[in-house]
Q: 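Encoded as structure tokens, here's the structure I'll be asking about.
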There are 2 protein chains.
Amino acid sequence: MPSTTPKKILAANVRRIRNSTGLSQEALADRAGMHRTYISSVERAERNVSLETLFAIAVALGVDPTELIAAPDDGEV
Amino acid sequence: MPSTTPKKILAANVRRIRNSTGLSQEALADRAGMHRTYISSVERAERNVSLETLFAIAVALGVDPTELIAAPDDGEV
DNA sequence: CTGTGACTTTTAGTCCGTT
DNA sequence: AAACGGACTAAAAGTCACA
């Protein structure tokens, strides 16, 4: 059982989804109306983002906000 | 049609779930390690809570964090 | 028990860089 | 393209008195 913190869950989800879309951190930041360094920081699990920011990132990634905080599905057959 | 903001979604979900558990704002605040007035403020959609706070409230309510930001299900059967 | 405005402290989020 | 640091500003956390 991993010491899975909210920040780590978000970080992993953002990075995974962003990579799957082929966007760079810069491009994502731009879409979400944020700074490049901030997205970088979020993906390193250093940031405790606000609700509005969470939704903004979700929109920029084209996913539902709930996907960003969904716990990693360990046993997905 | 709804000008459904993240704050409103959270507010509605917290209040609905809290009421369904029979907890008072005070009791919930206590469980979540927060102040009574803070929960009140969240339920009035005045607060743009952080990720950690979101998770803390979810734990206190005994639900998954994703439930707190799930959009209201309009056409539920 | 809950709403509300005012308030101080802490942190989210920006922007300048270098590696 | 991305990690990382410092300094800064905007906003969230957290509390209180009173309705």
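Chain letters run A, B, ... following the sequence lines, proteins first, then strands; residues in each count from 1.
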Q: Roughly how far, to the nearest 0.5 Å, is the OH atom of A:Tyr38 from the CD1 atom of A:Ile57?
A: 7.0 Å
Q: In residues 10-30 of chain A, what residues come within less than 4.0 Å of DNA chain C, judged by heavy atoms?
A: none
Q: Please confirm whether the shortest side-chain N or O distance from A:Ser40 to OP1 or OP2 of D:dA3 is below 4.0 Å.
A: yes
Q: Quick check: does any side chain N or O of B:Asn48 sit under 3.5 Å from a backbone N or O of A:Ser50, one acting as donor and the other as acceptor?
A: no
Q: Does the A:Asp30 side chain pair with the main chain of A:Glu26, one donor and one acceptor, at a distance under 3.5 Å?
A: no
Q: Can any side-chain N or O of B:Arg47 pair as donor or acceptor with the backbone N or O of B:Ser41 at less than 3.5 Å?
A: no
Q: When A:Val42 is tested against each of A:Leu10, A:Thr37, A:Leu28 for side chain to side chain contact (heavy atoms under 4.5 Å, CB included), which residue passes?
A: A:Leu10
Q: Nearest-Å distance, CZ (A:Arg36) to P (C:dT14)?
A: 12 Å
Q: Which heavy atom of A:Asn13 sits nearest a heavy atom of A:Glu67, and at what distance?
A: ND2-O, 3.3 Å
Q: Just by modelled atom types, is the A:Ser40 backbone N or O under 3.5 Å from a matching donor or acceptor in the A:Arg44 side chain?
A: yes
Q: Name the pairs: protein N/O against N/O of nucleotides 12-15 of chain D, kept only if under 3.5 Å.
A:
| residue | atom | partner | partner atom | Å |
| --- | --- | --- | --- | --- |
| D:dA12 | OP1 | B:Asn48 | ND2 | 2.7 |
| D:dA13 | OP1 | B:Tyr38 | OH | 3.4 |
| D:dA13 | OP1 | B:Ser50 | N | 2.6 |
| D:dA13 | OP1 | B:Ser50 | OG | 3.2 |
| D:dA13 | OP1 | B:Thr53 | OG1 | 3.2 |
| D:dA13 | OP2 | B:Tyr38 | OH | 2.3 |
| D:dA13 | O5' | B:Tyr38 | OH | 3.3 |
| D:dA13 | N7 | B:Arg47 | NH1 | 3.1 |
| D:dG14 | N7 | B:Arg47 | NH1 | 3.2 |
| D:dG14 | O6 | B:Arg47 | NH2 | 3.1 |

Q: Under the 3.5 angstrom rule, does the side chain of A:Asp64 hit a backbone N or O of A:Ala58 as a donor-acceptor pair?
A: no
